[in-house]
Every structure is written in C-alpha cells, then in structure tokens.
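This is a predicted model, so every value here is computed, not measured. Index from 1, following the sequence.
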Amino acid sequence: MTRFGKPADTIVHGEEPFNAEPPPAALAAAALTPLEHFYVRNHGAVPAVDPAAWRLRVGGLVERPLELGLADLQRLPHTAVTATLQCAGNRRAGLLAVRDIPGEAPWGPGATATAVWRGVRLADVLAAAAVRPEAGYVAFVGLDPSPDAEPPQAFGGSVGLVKARRPEVVLAWEMNGAPLPPVHGGPVRVVVPGYIGARSVKWLDRVELRAEPWDGHFQVTAYRLLAPDEAPAPGVGMPLGEVALNAEILEPAAGARVAAGRVAARGYAFAGGERQVARVDVSADGGATWRRAELLEDLGRWAWRLWRAELDLGPGEHELCVRAWDSAGATQPENPATVWNPKGYANSAWGRARISAA
Ligand SMILES: Nc1nc2c(c(=O)[nH]1)N[C@H]1C(S)=C(S)[C@@H](COP(=O)(O)O)O[C@H]1N2
Ligand SMILES: [Mo]
C-alpha cells in the first residue's frame, strides 16, 4: 500500500499534496472502478473532518440560509448516480510530448474513473434554501486551504444554476457502497456528472448562490482553456465546464512488448456533458485504417464506455490509435499539437500507444 489505501503500483505524481493515478491495466479491468484504483487529485492537504461535527452552510442569494449536519442531509430523499469523474489534466502527458507545460503534473490516461455516488440531490437542498431569482450560479467551497492558489485559499468552483438543479448533481456521502473515503472528499462532496472533476468539490464546506460565477482562483485563473499565446491570469481564457470528448488505449499500454498475432486492446471513451459515446474506432497503423471497437457494459448516461478490439499484429513496431464519436456526430482531433494549451487541459486528441510485437 502507498497512502490513502492506494496499492503499491499506484503512479504517484506528488506526495504533498497527494496526487496519484492507477496503472492503465488496473483501470481497464472494470467499468466500475474499485476505490483503490480511483485517481486522486488534491490541491492541498487532505483535511481531517469529523463527520459528527461537520456542517454544510448554504447561503448567498437564498431566502432561507441553511446549516445542515450529515443527519439533516440524510433525512432528504436519497439518490444514486453512476458517474465518471475526469480531471481536466487527464492525458496531459500527450500535450507535454508536443511542448513543455511547466509546473503541471504529467498525468497519463488514469486521471479518470467511474463510481456509484450516493447522497441527496443538490436540487432538494437548493429548494429548501429557496433560491432567489437573481441567482445564476452555484459555488462550492471546500475545507482544504490550497497553497497553489493565488492568494492561498480553500479549493472552490461553480456551475450554472440550471446544471446545479439537474437530478444527476448530488451531494454524496457514499462511493461504491462505502462511506466516502477521506481522500475522495469525505464526509460529503459534490458530484457534477459530465463536468471536469474540478467542479466536484470535496470536503464540502459551503454552497453559495451567486449572480456571477465563483471568483476564486480555481474558477477565475486555473481550469480555464487558454490560447497557446496566452498566459494564465485572472479572467484570461474560457472556464472549462463540460468534459470534451476523448478516448484512450489502456491495454496494451504505450511501450508494451506483446506476442505477435491476435492482441486484445482495451480502453475507455468518455463524451462529457450530456453527450453519449456513439462509436469507437481503433487503428493499428497510426490512423491509416480503422476498425470498429466493441463497446462494453453501459452504465448509463453519465458514465464512460469501456471498449475492446481484437487486432492482428505482425512482428515489428505498431502505433495503436483510438478515436471516439459522440451522439452529436463529433469526433476527436488527430494530433495533440492542435489542442496544446499552456496549462495542458482538455486533451481531446486521439489516444495513441506505440507498442512492439515479436
Ligand atoms: N476541496 C477540493 N475539491 C476538489 C479538489 C481539491 O483539491 N480540493 N480537486 C478537484 C479536482 S481538480 C478533481 S479532478 C477531483 C478529483 O477527485 P478525486 O480526488 O476524488 O478523484 O476533485 C476536485 N475537487
Ligand atoms: Mo482535476
């Protein structure tokens, strides 16, 4: 074991704050990710929160500000959603191969995973607080001070009120049937399916109804898509929200040596937003020719699709590629150079793995 119950083969990008992803093959093994293989993305130390003393404050543009303990939340109707979380920095390594991205972790394909989240609908809490008509955004603020932020502050972010009221957005205290582990935001976190992981704020402290988006560092400066010639600064670029369509090869992993002949390839595709993965194509020759991959178990509209394909590989080097198509008929850009950006977010380019067969 490394820390926080993650196994010894976990790929650790940083110890403090703790940031880690599973080996690709572990992620490919099941559509519902076991807790031990669920990536961790932290911007500060994991706070020690006593569930019995924890209180959620709901305020800002509401008629009835609330302060709710865990037992108060649990008196509301329970709900569960199967949803994929994906960090905006997932697959940054592909962008880094094109050009340097100083100060950002070189995440591989494993900063994404899928779990069943159980809790209450945020919509029910918002209804109890009676949102005022001027409100357009819902901000979430965590209990973890982040030294990365300018100035140092608790992690936070916001989503539009329309999304916040949708039934899939939950305040979760359970993950895959277990109490939400401290490293994943226990006792309670927000889960905003279809949006970048950064909006699913862990160790939730406050929900604030606002006329404008959250003005904290992680909404105003970080987690924004910049043009290649822009530098991160407050208000520069566009705030990320819905995850961009992407797909990745998990097996065989990049650099693998396999026996020539029939090789089973596996990976994931995730559409983001309300879009669905409609089709996945795999190539064994760098994208010159393609075949359809088989889509595996459908865990519902907020989850990724794992896929598999049988490839016939002769001896030698092969560049495997994967590209997905979504329910809007969109597909992915071929080359990470086309989507390179100074913070290395939203790598929506084809998944690629160079392997050798002998
Ligand atoms: N309070 C708090 N919430 C947070 C973060 C954080 O550092 N602090 N990281 C965010 C980011 S960038 C991601 S991708 C997800 C990661 O969730 P996980 O660690 O449970 O996988 O949590 C989000 N929520
Ligand atoms: Mo993230």
Side-chain angles (χ1 to χ4, degrees), residues 6-13 19-41 82-97 105-115 197 243-259 262-272 277 279-284 286-287 290-299 303-311 313 317-326 332 336 346-357:
K6 304 297 173 183
D9 61 356
T10 300
I11 300 159
V12 177
H13 293 294
N19 282 292
E21 66 181 299
L27 203 55
L32 208 56
T33 313
L35 292 187
E36 76 215 61
H37 295 313
F38 207 104
Y39 77 101
V40 176
R41 174 69 178 107
T82 301
T84 297
L85 280 195
Q86 187 167 101
C87 184
N90 187 43
R91 309 174 66 229
R92 180 179 286 131
L95 301 180
L96 267 163
W107 292 97
T112 185
T114 302
V243 172
L245 174 68
N246 65 93
E248 193 53 273
I249 299 160
L250 297 172
E251 263 185 342
R257 303 179 63 83
V258 300
R262 180 137 293 199
V263 173
R266 298 170 71 90
Y268 62 76
F270 186 48
V277 172
R279 178 177 127 199
V280 171
D281 304 332
V282 178
S283 170
W290 298 88
R291 73 180 60 187
R292 291 277 281 270
E294 180 194 350
L295 298 181
L296 304 180
E297 194 180 354
D298 185 353
L299 293 179
W304 64 10
R305 290 300 288 269
L306 295 190
W307 55 263
R308 72 189 297 280
E310 300 278 341
L311 304 171
L313 300 181
E317 306 287 312
H318 301 274
E319 186 179 20
L320 309 186
C321 300
V322 62
R323 68 174 186 207
W325 298 76
D326 71 17
Q332 304 174 236
N347 182 3
S348 57
W350 295 355
R352 290 172 189 268
R354 287 180 191 279
I355 64 161
S356 64

Quiz item: Between the side chain of Arg279 and the main-chain N/O of Arg292, is any donor-acceptor distance below 3.5 Å?
Solution: no

Exercise. Indicate yes or no: at least one non-hydrogen side-chain atom of Thr114 is less than 4.5 angstrom from one of Phe270.
Key: no

Quiz prompt | Residues Leu313, Ile355; criterion side chain to side chain contact (heavy atoms under 4.5 Å, CB included); working and verdict | solution = CA-CA 10 Å; Leu313 300 181; Ile355 64 161; 3.6 Å; yes

Exercise. Mark yes or no for whether Glu21, through its side chain, and Gly108, through its backbone, hold a donor-acceptor pair below 3.5 Å.
Key: yes

Practice problem: Apply side chain to side chain contact (heavy atoms under 4.5 Å, CB included) to the pair Arg291 and Leu311, showing each step before the final yes or no. | Solution: CA-CA 9 Å; Arg291 73 180 60 187; Leu311 304 171; 4.2 Å; yes

Quiz item: What do the steps show when you test Trp290 against Trp350 for ring pair (Phe, Tyr, Trp, His ring centres under 6.0 Å), and what is the final call?
Solution: CA-CA 13 Å; Trp290 298 88; Trp350 295 355; 4.8 Å; yes

Practice problem: Apply side chain to side chain contact (heavy atoms under 4.5 Å, CB included) to the pair Leu27 and Tyr39, showing each step before the final yes or no. | Solution: CA-CA 10 Å; Leu27 203 55; Tyr39 77 101; over 6 Å; no

Quiz item: Any side-chain hydrogen bond (donor to acceptor under 3.5 Å, both in side chains) pairs touching residues 243-255, not counting sequence neighbours?
Solution: Gln86-Asn246, Arg91-Glu248

Quiz item: Is Ser348 reaching over with its side chain to a backbone N or O of Ala244, donor-acceptor style, under 3.5 angstrom?
Solution: no

Exercise. Identify the heavy atoms of Leu245 and Ala324 that sit nearest to each other, and give their distance.
Key: CD2-O, 3.5 Å

Self-check item: Cys87 SG to Arg92 CZ distance, which is reported to the nearest 0.5 Å
Solution: 7.0 Å

Practice problem: Taking all non-hydrogen atoms of both residues into account, name the closest pair between Ala353 and Ile249 and its distance. | Solution: N-CD1, 4.0 Å

Exercise. Starting at CD of Glu297, measure out to CH2 of Trp304 and round the result to the nearest 0.5 Å.
Key: 11.5 Å

Practice problem: Would you give the length of the straight line joining atom CH2 of Trp107 to atom CD1 of Ile11, rounded to the nearest 0.5 angstrom? | Solution: 10.0 Å

Quiz prompt | Residues in salt bridge (Lys or Arg N to Asp or Glu O under 4.0 Å) contact with Asp9, at least two apart in sequence or another chain | solution = none

Quiz item: Would you call Val280 and Leu295 a side-chain contact if the rule is heavy atoms closer than 4.5 Å?
Solution: yes

Quiz item: Mind checking whether Val277 and Trp307 have side chains closer than 4.5 Å, heavy atoms only?
Solution: no

Quiz prompt | CG on Leu299 to CG on Leu32, rounded to 0.5 Å | solution = 6.0 Å

Quiz item: When rounded to the nearest 0.5 angstrom, what is the spacing between CD in Glu294 and CZ in Arg305?
Solution: 10.0 Å

Self-check item: Residue pair Asn347 / Asn90: nearest heavy atoms and the distance that separates them
Solution: CB-O, 4.1 Å

Self-check item: Salt-bridge present (Arg354, Glu317; N to O < 4.0 Å)
Solution: no

Quiz item: Looking only at heavy atoms, which two atoms of Gln332 and Ala349 are closest? And how far apart?
Solution: NE2-O, 3.1 Å

Exercise. Looking only at non-hydrogen atoms, find the nearest pair between Pro22 and His37 and report the distance.
Key: CG-O, 3.1 Å

Quiz item: Under 3.5 Å, is there a donor-acceptor pair between the side chain of Tyr268 and the main chain of Pro109?
Solution: yes

Quiz item: Which pair of heavy atoms, one from Arg266 and one from Ala29, lies closest together, and at what distance?
Solution: NH2-O, 4.5 Å

